[in-house]
Each structure stands twice: as C-alpha cells, then as structure tokens.
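Here the structure is laid out as structure tokens; the discussion comes afterwards.
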Amino acid sequence: MNSTYKNLKYNTRFILESRKDKETGEKITDNVPILMSITFNGKRLFYYIGYRTDHNLWELNGNLGLQKKNTFNKDGISASIINANIIAH
C-alpha cells in the first residue's frame, strides 16, 4: 500500500519471513512470523506483527498478504482476527 504522511511517501507490505533451516538447508514453511515491510527513502524496515502462520495458509492480494479465510494458525488464532489486525496496520 502506497501512502503519504506529512509529505513522506512510504510503502507497506505484509510478508512471511523467509529463512532456511541450519541443519537441512531447506526453506522453513511452518509457523513462520508475519512481518510488515515498511519502505521509505530507499530504506526498508521489517516489523513482526505478533502472529505466525504457515506458507500454505498465506495468500497475496497485490501488496496486501492475508491468511486464507476460514483457517487457523498453529496457536489456534483464526484468520479473521489475523487479517483484521493486518488491515488495521
């Protein structure tokens, strides 16, 4: 989402953390953190929003990533709660 605040242009996206397992070298896809990526002045900041989910429960709608409807993460939190918090950011 492109936004302007007091003439400061910035862009926010919601993404899943991407890293590899140290032992196997394979990409971790289960129970990964949801991050808000904020870009301004060519700098990028990643902020953990407090929720985790699996890659197979995540879908991208343009710059807005959301958890698939009617699903729950491993902590038992519903997609509607996670998505409402993402939209509120």
Side-chain angles (χ1 to χ4, degrees):
M1 292 180 278
N2 290 325
S3 301
T4 303
Y5 175 74
K6 294 187 179 183
N7 296 326
L8 175 68
K9 290 186 178 185
Y10 64 96
N11 186 25
T12 58
R13 292 179 47 201
F14 291 89
I15 60 172
L16 297 181
E17 183 182 74
S18 179
R19 69 174 134 165
K20 293 183 178 181
D21 188 320
K22 291 179 182 179
E23 296 175 5
T24 65
E26 294 186 20
K27 187 175 178 181
I28 300 172
T29 59
D30 292 337
N31 204 26
V32 294
I34 301 172
L35 304 173
M36 180 170 55
S37 170
I38 305 165
T39 306
F40 64 95
N41 268 354
K43 310 265 188 219
R44 186 172 295 153
L45 169 73
F46 294 103
Y47 177 74
Y48 171 56
I49 65 166
Y51 296 105
R52 293 175 164 265
T53 192
D54 296 339
H55 273 272
N56 63 343
L57 299 178
W58 190 251
E59 60 186 6
L60 289 174
N61 298 328
N63 284 341
L64 187 62
L66 297 172
Q67 183 162 331
K68 291 180 182 175
K69 293 181 180 180
N70 301 320
T71 59
F72 292 85
N73 69 3
K74 298 236 190 274
D75 297 326
I77 301 171
S78 72
S80 59
I81 293 172
I82 294 172
N83 293 341
N85 282 300
I86 288 173
I87 292 169
H89 280 93

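Position 1 is the first residue of the sequence, and the numbers go up from there.
In this structure, I49 is not a member of the same hydrophobic cluster as F72, with clusters built from ILVMFWY side-chain heavy atoms closer than 4.5 Å. I81 and Y48 are members of different hydrophobic clusters when ILVMFWY side chains are connected at heavy-atom separations under 4.5 Å. Under the 4.5 Å side-chain heavy-atom criterion for ILVMFWY residues, no single connected hydrophobic cluster contains both L35 and L60. By the criterion of side-chain heavy atoms lying less than 4.5 angstrom apart, applied directly or through intervening Ile, Leu, Val, Met, Phe, Trp or Tyr residues, I38 is grouped together with I86 in one hydrophobic cluster. Following chains of ILVMFWY side-chain contacts shorter than 4.5 Å, one can reach M36 starting from I77, so the two form part of one hydrophobic cluster.
Looking only at side-chain heavy atoms (C-beta outward), T53 and N31 stay at 4.5 Å or farther from each other. I34 places a side-chain heavy atom less than 4.5 Å from the side chain of L16. Side-chain contact between V32 and W58 is absent, with no heavy atoms from C-beta onward closer than 4.5 Å.
R52 CZ to D30 CG: the interatomic distance, rounded to the nearest 0.5 Å, is 11.0 Å. Atom CG in L45 sits 13.0 Å away from atom OH in Y10 (nearest 0.5 Å). Interatomic distance, N83 CG to E59 CD, rounded to the nearest 0.5 Å: 8.0 Å. The NZ atom of K68 sits 7.0 Å away from atom CG of L57, with the distance rounded to the nearest 0.5 Å.
Around the CG atom of N70, the shell of radius 6.0 Å holds no more than 12 heavy atoms that belong to other residues, nucleotides or ligands. The environment of F46 atom CZ is dense: over 12 non-hydrogen atoms of other residues, nucleotides or ligands sit within 6.0 angstrom.
Defined by atom type and a distance below 3.5 Å, a donor-acceptor pair is missing between the side-chain atoms of N73 and Y51.
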